[in-house]
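Below you'll find the structure, written out as structure tokens, and then a few comments.
As the structure is a prediction and not an experimental result, all values here were calculated from the model.
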Amino acid sequence: MDRKLKRWELALMFGILVAVVTGSWLGQEQKDLADRVIRFHVIANSDSSADQSLKLAVRDRVLEQAEILYPQGATLEQARATLEGHLPDLAAAGQAVVTEQGFDYPVTAQLTDCWFPTKEYEGFALPAGTYTALRVTIGEGQGQNWWCVAFPPLCLGAASETVDQALEAGYFTENQGALVTGDGEGYVLKFKAMELLGELQGLFE
């Protein structure tokens with residue numbers, strides 16, 4: 001009985017050790033990637049069809065405004081400074097759309113850190129975790145979200161870059177490029193593990 005108990009104890013300790021080491025490694029991968037991007041997060045007033053359509057219209061206008069504001073060949077630091085310095089302009093761009101469509105919701109824009117689930121886009125995906133984000137909130141902000149990437153400009157309409165272009169520009173390392181495009185081995189399991197790790201951390205917090 002004692003021998004079996006010790007084996008269970010050893011197995012449990014080994015499992016905990018593997019979880020800690022793996023969690024630390026996956027968490028660091030996500031943090032390294034998060035240090036190279038600024039996410040874009042738009043929150044609708046509600047889940048009504050009208051408010052969801054309005055959200056997409058606000059998204060398009062704010063992206064257009066961000067595209068105009070970014071300096072040519074901007075670095076991450078320049079993009080962050082540009083967004084921080086023009087938050088009122090970005091909010092006003094969204095507010096103009098709301099007014100044009102006959103609503104009276106307020107629109108706010110802020111640069112903040114927030115947690116995102118794993119999200120797949122056309123040609124790339126980003127793992128779950130905490131990222132700096134340009135967050136635009138419409139009205140009560142009780143509706144479904146829209147997520148993408150404000151920098152590198154992977155979601156700026158006609159100015160959108162591909163991950164390959166972002167790699168060439170030095171925004172991502174080769175390993176990070178492989179991670180987000182799915183070229184790396186086992187990336188699906190990595191993303192799921194990252195998401196579970198984030199959920200567990202949230203429970204403990």
Side-chain angles (χ1 to χ4, degrees), residues 27 30-31 33-70 74 76 79-160 180 191-192 194-205:
Q30 187 277 325
K31 288 177 182 176
L33 183 61
D35 286 340
R36 291 175 176 262
V37 302
I38 299 174
R39 302 290 293 269
F40 184 44
H41 187 200
V42 185
I43 310 175
N45 177 68
S46 76
D47 283 335
S48 72
S49 58
D51 283 348
Q52 286 297 310
S53 294
L54 179 64
K55 173 191 71 177
L56 298 180
V58 168
R59 171 202 67 185
D60 292 343
R61 186 72 62 84
V62 173
L63 284 174
E64 288 174 6
Q65 185 67 23
E67 180 181 340
I68 294 170
L69 293 172
Y70 278 152
L76 178 65
R80 184 192 300 272
T82 297
L83 293 175
E84 284 180 333
H86 291 85
L87 289 173
D89 298 325
L90 295 167
Q95 189 71 65
V97 175
V98 171
T99 301
E100 288 166 8
Q101 297 203 11
F103 297 91
D104 60 358
Y105 307 138
V107 177
T108 60
Q110 61 181 147
L111 206 59
T112 184
D113 291 337
C114 48
W115 191 86
F116 290 81
T118 296
K119 187 68 178 176
E120 294 185 24
Y121 304 98
E122 186 176 348
F124 70 101
L126 289 174
T130 299
Y131 295 82
T132 297
L134 169 62
R135 178 158 59 187
V136 175
T137 305
I138 306 169
E140 297 295 326
Q142 298 299 312
Q144 293 183 45
N145 309 303
W146 185 88
W147 297 290
C148 203
V149 184
F151 188 87
L154 301 176
C155 301
L156 295 183
S160 291
V180 301
F191 280 18
K192 188 60 179 176
M194 288 176 180
E195 188 152 10
L196 290 173
L197 177 63
E199 290 174 357
L200 287 173
Q201 288 174 337
L203 288 174
F204 284 112
E205 290 173 1

Treating [X] as the side-chain partner and [Y] as the backbone partner, does any N or O pair qualify as donor plus acceptor under 3.5 Å?
X	Y	result
Asn145	Ile43	no
Arg39	Cys148	yes
Gln110	Arg135	no

Check [X] against [Y] and note the closest heavy-atom contact, atom names and distance.
X	Y	answer
Asp113	Thr130	CB-CG2, 4.2 Å
Ala93	Arg61	O-CG, 3.4 Å
Leu90	Ala109	CB-CB, 4.4 Å

For Thr108, enumerate each residue passing the side-chain contact (heavy atoms from CB on, under 4.5 Å) test, keeping only those at least two apart in sequence or located in another chain.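 Once residues adjacent in sequence are excluded, the partners of Thr108 under the side-chain contact (heavy atoms from CB on, under 4.5 Å) criterion are Thr137.
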
Roughly how far, to the nearest 0.5 Å, is the [atom2] atom of [Y] from the [atom1] atom of [X]?
X	Y	atom1	atom2	value
Asp104	Gln95	CG	CD	9.0 Å
Ile38	Leu134	CD1	CG	8.5 Å
Asn45	Lys55	CG	NZ	12.0 Å
Thr112	Tyr131	OG1	OH	15.5 Å
Thr82	Leu111	OG1	CG	11.0 Å

Would you confirm whether the ring centroid of His41 sits within less than 6.0 angstrom of the ring centroid of Phe116?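 Yes: the rings meet the under 6.0 Å criterion.
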
Glu84, CD: over 12 other non-hydrogen atoms inside 6.0 angstrom: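 For Glu84, atom CD is crowded (more than 12 foreign heavy atoms under 6.0 Å).
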
Residue of the set Leu54, Ile138, Asp51 for which side chain to side chain contact (heavy atoms under 4.5 Å, CB included) holds with Ser46: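 Exactly one pass, corresponding to Asp51.
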
Do [X] and [Y] make a side-chain contact, defined as non-hydrogen atoms from C-beta onward lying under 4.5 Å apart?
X	Y	result
Phe103	Val97	no
Leu33	Leu126	yes
Val62	Val107	no

How are the rings of Tyr70 and Phe151 set relative to one another: parallel (under 30°), tilted (30 to 60°) or perpendicular (over 60°)?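 Taking Phe151 first and then Tyr70, their aromatic rings stand perpendicular (interplane angle over 60°).
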
